[in-house]
Amino acid sequence: MTDEIQATEMTDGFHLVIDALKHNDIDTIFGLVGIPITDLARLAQAEGMRFIGFRHEQHAGNAAAIAGYMTQKPGICLTVSAPGFLNGLTALANATTNCFPMILISGSSEREIVDLQQGDYEEMDQLNAAKPYAKASYRINKAEDIGIGIARAIRAAVSGRPGGVYLDLPAQLLGQSLDAERGRKSLVKVVDPVPRQLPAPDSVQRALDLLKIAKRPLILLGKGAAYAQADADIRAFVEQSGIPYLPMSMAKGLLPDTHAQSASAARSFVLAEADVVVLIGARLNWLLSHGKGKTWGKPKQFIQIDISPTEIDSNVAIAAPLIGDIGSCVSALLAGIQSGFTKPSDEWTGAIAERKDKNLTKMAATLAHDPSPMNFHSALRAIRDVLKTRPDINVVNEGANTLDYARSIIDMYEPRKRFDSGTWGIMGIGMGYAIGAAVTSGLPVVAIEGDSAFGFSGMELETICRYELPVCTIVFNNNGVYRGTDVNPTGGKDVAPTVFVKNARYDKMIEAFGGIGYHVTTPQEMTKALQEAIASGKPTLINAVIDETAGTESGRLTNLNPQSKAAKK
Ligand code: ADP
C-alpha cells in the first residue's frame, strides 16, 4: 500500500501555475517576491522561465503591461498579498485604461479568515478590490482548475479590447497536491486567443461612401493601430489613399515621422479644417478634446475603426462605425479604395504642406538656439540627432514639459518603439516601461524623463543594473516639478511644494549600483554622453542640467488646474 502511494507521481499548485503559463508560451514573469509566492518565482526560474524581480510592484506591473502592448501576449506580474497587490493594482488599472493586455497574479491569504474578517497576515479581499480596475477578475480555489483559470485569464486579457486581468491565487491553492497525470490533463492551451473580427460589409461600404465624398479627409492613428500589428496595410492605406495623417503619441513611427503625408507639424490646422476624419484605434477622449469644441473647428464626420462597439458615439456622433479588428477593417478599406478612389485635392494637401513648412521652419529656428544654461529644446535637439541614427531604439518618455517637448521634437521611425504617459497622462511609468521594453525586445532603451517623473520609479535603477539592461535614462534636471524656481510665499523654512534639492546628482544614483553616470550641461556633452551610453550597451544615466526657470506649470495642461483664489491673492 505504502509503495503504491509513493509510486504515484504528484504535482502541486505551484508547478501547475508554471506549467499552465508555459503551456501557453508565456516565458517571462515580472514581479516581487514574498509570502506566499517566493517559491513560485523560484520554480518559474527553475523551469526555464525568466523572472525579473523589481523593487516595487507598480513598476513590475508597468513592465508587464508594456510587454503585453509590444507582443499582443499578456504580460505577467506576480505580487504578494494586500499591499503588494495594491501596488500592482495601480499598474493593472493603468493597463486596462490604455487597453494593454496584462495579468496581475497575486497570492492571497486564507479565504475563511478573510471572509470572516478574522485578521490574517496581509488580510484583504483582493478579488473584490480588483474588480473595478480590471477587465476581468478571477480566483482559482482548486488545483485542478489552474489550467482552465489561467486559460480564462489569458483570453480575457487579449481578446476584444485588451486589458488588465486580475488572478487571485490563495496560498492554500499553491500548496495543494494533485496526481501529476491529472494535473497534466487539466492544462488548457488557448486556441486562437485573438480571433480576427471582420467588419460587416455594409459598414465597410458606408465608410467608403463617406470617404469618397470627403473634401478634406484626415486619418488619425492611435496606439490601438500600433498595437494591432497591421503595419503594412495601414501604411498602404495611408499611401494609396493619399490622405494626410496624424499619429497620436504612441502611434508615432507606425509610419516614419518624416513621412510626406504626416500632418503632425500642422496638427491644429488639420483638426480644425478636416471634414471627414478616419479614427483608427484612437478614442475621442481628453487627448483629442472629446471630438468637439474649438480644437475641432469646422463641422466634421467621423469614421471610427474600433474593436469595442461601445466606444462608438462615446463623445460625439459617429457617422460610419467600423467594428472589428484593425487589421481586417483597414484591409477592407484598402481593398475598397483600390477599386477606385480620388486622392485628396491639391488645395487640401497644399494648404497642409504650407502650414507644415512654416511651423517646421519656426521649430528649426527654436532648436538652433544654444542658450546657457541648456533648455529643453537644445537638449532634445542633441538627443534627436543621436536617436535618428538608431531607429531601432525604444524610447520611453514622461514628465510634464519633458513629455510635451520630446513628443514633438523626437522623431520615431518604427512602430511600437515609443512608450509614454498614455491615456491617463500619468507619471511613474518610466523605469517599469524601460525594463519591460528592454527585456521584451532585447534592444536598447532611452528613457527621457523629467526629474519629477523619474522620482516615482528611480529605485528601479538597481533592477536595471542587476539585470544589466541596456537602458540609458536621461533625467531633465531643472530642480523641481515643472521648474525649480518657486518660492515659499511665507519665507518659511520649507521650500515651495514644487521644488527639489538643488543641483541633485542623479548620475551618482546609478553609480551606486555599478552603472555608468554622466553629468552634462551642454548639448555637445549630451551628444557625446548619449552616443557613449548607447554604444556601451550598459545601464547608464545622464543627469542633464536644464535651466531651472525653463518649464511651465503642468506643461501643456495648465488649463486643467482649477484656479485657486487664495493662490492668486
Ligand atoms: P490613443 O491614446 O493613441 O488615441 P487609445 O488608447 O485612446 O489610443 O485608443 C485605442 C483604441 O484601439 C481603443 O478604443 C481600443 O478598443 C482599440 N483597439 C485596440 N486594439 C485593437 C484591435 N486589435 N483592433 C481594433 N481596435 C483595437
Side-chain angles (χ1 to χ4, degrees), residues 65-66 68-74 93-102 135 155-164 192-200 203-204 207 218-234 237 245-255 257 264 267 271 277-291 295-296 302-316 318 321-333 397-398 403 407 412 415-426 429 433:
I66 215 63
Y69 171 71
M70 295 168 81
T71 61
Q72 292 188 336
K73 283 203 284 189
N94 184 51
T96 305
T97 304
N98 281 283
C99 313
F100 298 161
M102 86 172 257
K135 184 181 169 193
R155 191 178 291 281
V158 293
S159 61
R161 171 183 278 178
D192 197 10
V194 190
R196 288 201 304 148
Q197 295 191 30
L198 306 184
S203 306
V204 175
L218 174 70
I219 295 170
L220 221 153
L221 301 171
K223 60 181 167 314
Y227 173 80
Q229 300 194 15
D231 310 340
D233 271 0
I234 289 173
F237 175 60
Y245 76 95
L246 267 186
M248 297 298 286
S249 65
M250 280 179 63
K252 276 162 69 76
L254 204 41
L255 286 89
D257 279 335
S264 289
R267 190 173 193 274
L271 287 179
V277 179
V278 189
L279 298 165
I280 307 183
R283 286 171 283 183
L284 287 174
N285 55 20
W286 69 283
L287 289 161
L288 284 168
S289 309
H290 304 281
T295 308
W296 289 89
F302 291 98
I303 297 168
Q304 184 163 26
I305 300 181
D306 208 290
I307 199 130
S308 170
T310 53
E311 187 55 41
I312 308 302
D313 300 332
S314 55
N315 284 279
V316 293
I318 301 296
L322 211 49
I323 304 303
D325 73 273
I326 283 167
S328 301
C329 293
V330 171
S331 93
L333 288 185
N397 187 200
E398 62 174 339
L403 177 78
R407 186 177 50 223
M412 302 304 298
R416 294 172 296 283
K417 294 284 185 187
R418 185 186 153 87
F419 315 109
D420 65 26
S421 304
T423 303
W424 264 345
I426 47 154
I429 47 83
Y433 280 6

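Only heavy atoms go into these numbers, but all of them, side chains included; no hydrogens, no water, no symmetry mates. First listed ligand is number 1; within each ligand, the first listed atom is number 1.
- Protein heavy atom nearest atom 21 (C) of ligand 1, with residue, atom name and distance: I326 CD1, 4.0 Å.
- With T423 as reference, N98 is the one residue of N98, T96, N94, N285 to meet the side-chain hydrogen bond (donor to acceptor under 3.5 Å, both in side chains) rule.
- Between R283 and D306 there is no salt bridge, since none of the side-chain N atoms of the basic residue sits less than 4.0 Å from a carboxylate O of the acidic one.
- Not counting sequence neighbours, the partners of R418 by the side-chain hydrogen bond (donor to acceptor under 3.5 Å, both in side chains) test are N397, D420.
- Ranking protein heavy atoms by distance to atom 10 (C) of ligand 1, first place goes to G281 O, 3.1 Å.
- Looking only at protein heavy atoms, the nearest one to atom 16 (O) of ligand 1 is D306 OD1, 2.6 Å.
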* **Derivation and outcome, side-chain hydrogen bond (donor to acceptor under 3.5 Å, both in side chains), residues K252 and S264** => CA-CA 10 Å; K252 276 162 69 76; S264 289; 6.0 Å; no

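- Protein heavy atom closest to atom 26 (N) of ligand 1, with residue, atom name and distance, is I307 N, 3.1 Å.
- Close approach of ligand 1 to G222 is summarised as follows: ligand atoms under 4.0 Å from at least one heavy atom of the residue are 3 (O).
- The contact set between ligand 1 and N285, taken as ligand atoms under 4.0 Å from a residue heavy atom, comprises 7 (O).
- Those atoms of ligand 1 with a heavy atom of G324 less than 4.0 angstrom away are 24 (N), 25 (C).
- Residue-to-ligand polar distances keep E311 apart from ligand 1: every N/O pair is separated by 3.5 Å or more.
- The N/O atoms of C99, backbone and side chain alike, include none that comes under 3.5 Å of an N/O atom in ligand 1.
- Residues I219 and F237 meet the side-chain proximity criterion, which asks for heavy atoms closer than 4.5 Å.
- Residues satisfying the ring pair (Phe, Tyr, Trp, His ring centres under 6.0 Å) criterion with Y227, sequence neighbours excluded, are absent altogether.
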* Show your reasoning for whether side-chain contact (heavy atoms from CB on, under 4.5 Å) applies to V277 and L279. => CA-CA 6 Å; V277 179; L279 298 165; 4.2 Å; yes

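- Atom 20 (N) of ligand 1 has Y227 CD2, 3.6 Å as its closest protein atom, hydrogens excluded (heavy atom only).
- The protein heavy-atom contact nearest to atom 23 (N) of ligand 1 is A228 CB, 3.8 Å.
- Heavy atoms of T423 found under 4.0 angstrom from ligand 1 belong exclusively to the side chain.
- Using a 4.0 angstrom heavy-atom cutoff, G327 does not count as in contact with ligand 1.
- At a heavy-atom cutoff of 4.0 Å, ligand 1 is contacted by both the backbone and the side chain of K223.
- Protein heavy atom nearest atom 4 (O) of ligand 1, with residue, atom name and distance: M248 CG, 3.4 Å.
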* For the pair W296 and F302, evaluate side-chain contact (heavy atoms from CB on, under 4.5 Å) and give the outcome as yes or no after the intermediate values. => CA-CA 12 Å; W296 289 89; F302 291 98; 3.6 Å; yes

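- Note: no N/O pair closer than 3.5 Å links P162 and ligand 1 by distance alone.
- In this structure the side chain of Q229 reaches within 4.5 angstrom of the side chain of R416, judged on heavy atoms.
- Between the side chain of Q304 and the backbone N or O of D313 there is no donor-acceptor pair closer than 3.5 Å.
- Not a single N or O atom of D325, backbone or side chain, sits closer than 3.5 Å to an N or O atom of ligand 1.
- By the 4.5 Å heavy-atom criterion applied to side chains, N315 and L288 are not counted as neighbours.
- Close contacts between ligand 1 and A282 involve ligand atoms 4 (O), 8 (O), 9 (O) [criterion: under 4.0 Å to a heavy atom].
- The shortest N/O to N/O separation between R161 and ligand 1 falls below 3.5 Å.
- Protein heavy atom nearest atom 19 (C) of ligand 1, with residue, atom name and distance: G224 CA, 3.8 Å.
- Annotation: side chain of I318 is not in contact with side chain of I303 (no heavy-atom distance under 4.5 Å).
- Residues P247 and D257 meet the side-chain proximity criterion, which asks for heavy atoms closer than 4.5 Å.
- Contact annotation: for L288 versus ligand 1, there are no heavy atoms closer than 4.0 Å.
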